[in-house]
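Step one of this worksheet: look at the structure below.
All values below come from the heavy atoms of this structure, side chains included, with hydrogens, waters and symmetry mates left out. Bear in mind the structure is a predicted one, so any value in this text is a computation, not a measurement.
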Amino acid sequence: MNIRLAPLSPSWRTRFALALACLCYCLTGWLGQTLFSLQPANITLIWLPSGIALIMLLNWGMRALPWICLGSFMLNVKGMMMEGALLPSLSHTAIAALIDALAPALALRLLQGFLPLGVHNANDLIKFVVLAGVVPISLSSLLLAWNLVLGHYIPGSALPGMVKMLFLADILGILLMYQIYVGWQEPHALRIAQLRHIILPGVGLSLFALLGLGLQAGWLFYLLPPLLIVLAFEVSRFYLGIFSSLAMLFMILATAHGLGPFIHLTQEETNTEMMAFVLSSALTIFGVSLQRAQLRRTEQDKQTAEKEASYDPLSGLLNRRAFMPQLARLAGQARPYCVAMLDIDNFKSINDTHGHRVGDRVIQTLAQIIHNHCRSQDITARIGGEEFALVLIDISPADALPVLERIRSTLANMSIVAEQQTLYCTLSIGWAESAPTLDGDTLLHHADLALYQAKAAGKNCIVKFAG
């Protein structure tokens, strides 16, 4: 007996997706508190949930706010619990959760107002940092630190230092997670051109980092960002975001355990220098990846524009503008070639009787027939409404005629559905063979004259220019 479960409704699918996102929020927060914790225990050197919260709001809007508050409360409640002060502890935890939701909500409003299309190039990156980072995180960092002072978690003298650490931790979390998110949105984000582009960087960066720790060569940390910049030209932005995030987290973890080049006499100096380096590195790598993506889009747009300028959109063959220079380049060459002009018989009557949609279908059918019977070195084009041109290269006149006959007979014997009836079309062809003294324009003119003779001879035939 087969049991089929009813599919989830859209609203339940949204709730399920938000629950999974909230779980990711909690897991990344737990990871930060486990590996990078400060005092109080819920404060960390990097806060990846800030980036996940922004992504949740970008995807689901303000519906994500309750889930962000819930995730923040669950992460903070243990570290903010004071013995004998249950109610004040829960109150300050709830305030912290509301502030954690306030920052991405404000960032979303600013991005919608000033950067509605998102981050697409390096010029947008500074706007993004200001709108999604500096402005909302400065406010939330100040409020969170003040909440800690009011709850007697830290002394008032520690307020400036705490604001600075909260700011750096949150903005870095946004940068690292948003970079992965932007990469994920790219078409074919998971495509791997060559497996070595993923395996070698992963193994290489890991060995490089471990070698720096093992030899106590902290200066090797400074080479990680340049290596990641080189990697930006080998892998997609999604994989670059993952490699970049892992490298940045490694540097933070190493510094938290007293390793690396950023160690100073005081913990605050150590953390500040390390976070500044990591933040600047993350910005640079993200900017390079955006610039590379912009250059790739520009190149694709250029290729698309060149193709649109050279090809007829209906038939997919070359247009007259692109065909004539290619024909002219054949003049004076020793290679034999033939030029043919092809014209669909009674095409105006087809359009008038059956409509332009059927006429377009006839043109597309003939274009496909020409493509199927020609070789890669031949030149095919649609140079007018129902007129086509064909250059058969490296071919003798004796071999050219059968090719043209196959094109003519294939169209004549092919049925084309035209609404309630079946339509049969014919084709007239005129052609001329190359000669050392004749240029491309002259050959095309000769083929055109032969085409007129084919029309005069009753159509649906092939005529060679006799000279």
Side-chain angles (χ1 to χ4, degrees), residues 25 28-29 32 36 38-40 42-58 62 64-65 68-69 71-72 75-76 80 92-116 118-119 123-151 153-179 181 248 252 267-269 271-284 286-287:
Y25 184 100
T28 54
F36 316 110
L38 299 172
Q39 291 299 322
N42 60 307
I43 304 301
T44 71
L45 287 170
I46 180 171
W47 191 241
L48 295 176
S50 61
I52 293 180
L54 178 60
I55 293 170
M56 290 171 68
L57 285 169
L58 288 171
M62 293 303 173
L65 280 179
I68 296 171
C69 288
S72 176
L75 286 172
N76 288 318
M80 298 186 69
H92 287 290
T93 304
I95 291 172
L98 290 173
I99 296 172
D100 279 340
L102 167 69
L106 178 58
L108 177 66
R109 291 304 186 195
L110 291 173
L111 290 174
Q112 289 174 337
F114 298 97
L115 200 61
V119 181
N123 294 330
D124 294 334
L125 182 56
I126 298 301
K127 294 180 183 178
F128 173 79
V129 171
V130 173
L131 297 173
V134 175
V135 175
I137 292 177
S138 296
L139 177 60
S140 66
S141 298
L142 180 61
L143 293 175
L144 285 171
W146 189 249
N147 183 48
L148 293 175
V149 172
L150 293 178
Y153 296 98
I154 62 172
S157 59
L159 178 66
M162 182 57 66
V163 171
K164 179 172 62 178
M165 291 310 303
L166 290 171
F167 176 84
L168 292 173
D170 279 12
I171 200 169
L172 184 57
I174 287 177
L175 273 177
L176 296 184
M177 298 308 300
Y178 187 77
Q179 183 178 3
Y181 171 71
M248 299 302 113
I252 296 173
Q267 190 65 41
E268 182 178 352
E269 290 178 338
N271 293 338
T272 300
E273 182 174 332
M274 177 272 298
M275 293 295 286
F277 176 78
V278 169
L279 181 59
S280 61
S281 299
L283 274 171
T284 301
F286 194 9

(Q) Once side-chain hydrogen bond (donor to acceptor under 3.5 Å, both in side chains) is applied, do any residues pair with T272, and if so which ones, sequence neighbours excluded? (A)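 T272 satisfies side-chain hydrogen bond (donor to acceptor under 3.5 Å, both in side chains) with K164 once adjacent residues are dropped.
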
Exercise: identify the closest heavy-atom pair between [X] and [Y]:
X	Y	result
I55	M177	CD1-O, 3.6 Å
A105	L65	CB-CD2, 4.0 Å
L75	P49	CD1-CG, 4.3 Å
F167	G133	CE1-O, 4.4 Å
S281	M248	CB-SD, 4.0 Å
L172	A282	CD1-CB, 4.1 Å

Q) Are any side-chain N or O atoms of Y153 and backbone N or O atoms of M80, one a donor and one an acceptor, separated by less than 3.5 Å? A)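 Side chain of Y153 to backbone of M80, a donor-acceptor pair under 3.5 Å: yes, one is there.
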
(Q) Main chain of I68, side chain of S72: is a donor-acceptor contact present, judged purely on distance under 3.5 Å? (A)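 Not a single qualifying donor-acceptor pair exists.
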
Nearest-0.5 Å distance that lies between atom [atom1] in [X] and atom [atom2] in [Y]:
X	Y	atom1	atom2	value
L144	N76	CG	CG	8.0 Å
L175	L283	CG	CG	5.0 Å
D170	M165	CG	CE	10.5 Å
I137	L102	CD1	CG	11.5 Å
L45	Q267	CG	CD	7.5 Å
L166	I171	CG	CD1	12.5 Å

Q | Step-by-step side chain to side chain contact (heavy atoms under 4.5 Å, CB included) determination, L58 to Y178 | A | CA-CA 11 Å; L58 288 171; Y178 187 77; 3.8 Å; yes

Do any side-chain atoms of residues 92-99 form donor-acceptor pairs under 3.5 angstrom with protein atoms, and if so which ones, sequence neighbours left out?
| unit_1 | atom_1 | unit_2 | atom_2 | d |
| --- | --- | --- | --- | --- |
| H92 | ND1 | N147 | OD1 | 2.7 |
| T93 | OG1 | S89 | O | 2.7 |

Sequence neighbours excluded, which residues qualify as side-chain contact (heavy atoms from CB on, under 4.5 Å) partners of [X]?
X	value
L115	L111, V119, D124, K127, F128, L131
S280	none
P155	S157, A158

Q | pair V130-F114: side-chain heavy atoms closer than 4.5 Å | A |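 Of all side-chain heavy-atom pairs linking F114 with V130, none is under 4.5 Å.
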
Q | Within-4.5 Å side-chain heavy-atom neighbours: L142 and W146 | A |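 They are not in side-chain contact.
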
Q.
Test: salt bridge (Lys or Arg N to Asp or Glu O under 4.0 Å). Region: residues 153-162. Which pairs qualify, not counting sequence neighbours?
A.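 Non-adjacent pairs meeting salt bridge (Lys or Arg N to Asp or Glu O under 4.0 Å): zero.
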
